[in-house]
Amino acid sequence: MSRRMIGIAFAALALLAPAIAGAQETVVVPTRVIYPGQEIGFDLLEVVPLRRQLPNPSIYALDMEQFAGKVAKNTLLPGRMVAVAALREAYVVEAGKPVEMQFVQGPLVISVTGVPLQPGSTGDIVRIRNLDSGAVVSGVVMADGTVRVSAS
């Protein structure tokens, strides 16, 4: 191989090196211990280059969007990859904290106070006790923190 060809090869490699480096996969890891039930803020995370090929990358949270509005189900350790199964949506209603129960049928809306018997995120079905009657019913947790019940 001539010197000219070697020089062209090195020049091409120098031009491609940033593109190859930019194509390197990254992973999001905690910067400090995150405990179960703790909301995960972006200030607790950092993006680091992936050191090895993952056999099943879909089980890990690889970008920041996967952490948005999430809470840790398990203890998350600094510098360790986080499994998607270790994250959950933040609870909208907490067990034992009174919330508004609503029955909606067309223009009719009946509201009473109830106590959830279990925590729930938006869209979850939870059991809730009516404080007035003591009856336990099931309802869907709404984004505004109310629980929507239906006729049984």
Side-chain angles (χ1 to χ4, degrees), residues 13-152:
L13 185 58
L15 289 173
L16 290 175
I20 293 170
Q24 182 177 9
E25 290 185 29
T26 59
V27 64
V28 178
V29 297
T31 56
R32 65 178 185 85
V33 176
I34 300 173
Y35 295 100
Q38 184 177 352
E39 190 168 335
I40 303 170
F42 292 134
D43 59 323
L44 303 176
L45 304 170
E46 70 178 339
V47 178
V48 297
L50 190 59
R51 289 188 262 173
R52 60 183 165 83
Q53 188 68 23
L54 296 174
N56 190 0
S58 64
I59 65 170
Y60 296 103
L62 300 176
D63 57 29
M64 291 284 199
E65 289 80 35
Q66 290 177 286
F67 288 91
K70 303 287 185 179
V71 173
K73 285 167 73 173
N74 307 328
T75 301
L76 307 179
L77 300 174
R80 302 289 216 124
M81 293 189 311
V82 177
V84 173
L87 306 173
R88 67 166 172 78
E89 294 293 327
Y91 290 141
V92 177
V93 297
E94 296 287 337
K97 293 187 178 177
V99 298
E100 183 180 330
M101 295 171 47
Q102 290 184 340
F103 173 79
V104 179
Q105 184 83 30
L108 174 68
V109 178
I110 301 172
S111 296
V112 295
T113 302
V115 177
L117 302 178
Q118 62 203 75
S121 302
T122 302
D124 289 349
I125 296 175
V126 296
R127 293 180 47 224
I128 185 166
R129 181 182 313 276
N130 181 328
L131 286 181
D132 294 333
S133 69
V136 176
V137 296
S138 294
V140 178
V141 177
M142 308 305 286
D144 63 359
T146 62
V147 176
R148 179 93 32 110
V149 297
S150 59
S152 39

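In what follows, residues are counted from 1 in the order of the sequence shown.
Here Asn74 contributes atom CG and Ile34 contributes atom CD1; the two are 11.5 Å apart, rounded to the nearest 0.5 Å. How far CD of Glu39 is from CG of Leu44: 10.0 Å, rounded to the nearest 0.5 Å. From Leu45, atom CG reaches atom CZ of Arg32 across 10.5 Å, with rounding to the nearest 0.5 Å. Between atom CD1 of residue Ile40 and atom CE of residue Met64 there is a gap of 11.0 Å, rounded to the nearest 0.5 Å. One distance of note links NZ of Lys73 with CZ of Arg88; it measures 8.5 Å at 0.5 Å rounding.
Shown here for Leu76 and Ala86, the closest heavy-atom pair between the two residues is CD2-CB, 4.0 Å. Annotation for Thr31 and Asp43: closest pair OG1-O, 4.0 Å, computed over non-hydrogen atoms. The nearest pair of heavy atoms linking Tyr35 to Ala72 is O-CB, 3.6 Å.
A 4.5 Å side-chain heavy-atom check between Val27 and Val48 finds at least one atom pair inside the cut-off.
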Step by step, would you call Phe67 with Val82 a side-chain contact (heavy atoms from CB on, under 4.5 Å)? CA-CA 10 Å; Phe67 288 91; Val82 177; 3.9 Å; yes

Do Met81 and Leu54 pass the side-chain contact (heavy atoms from CB on, under 4.5 Å) test, and can you show the C-alpha distance, the side-chain angles, and the key distance before you say yes or no? CA-CA 11 Å; Met81 293 189 311; Leu54 296 174; 3.4 Å; yes

Run the side-chain contact (heavy atoms from CB on, under 4.5 Å) check on Val29 and Glu46 step by step: do they pass? CA-CA 6 Å; Val29 297; Glu46 70 178 339; 3.8 Å; yes

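No donor-acceptor distance shorter than 3.5 angstrom exists from the side chain of Asp124 to the backbone of Val126, with no hydrogens or angles considered.
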Per-pair distances, 0.1 Å, donor-acceptor, side chain in residues 101-118, under 3.5 Å, sequence neighbours excluded:
residue, atom, partner, partner atom, Å
Gln102, NE2, Glu100, OE2, 2.9
Ser111, OG, Glu100, OE2, 3.0
Gln118, OE1, Arg127, N, 3.4

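Each side chain to side chain donor-acceptor pair (under 3.5 Å) pair with one or both residues in residues 62-72, not counting sequence neighbours, appears once here: Lys70-Glu89.
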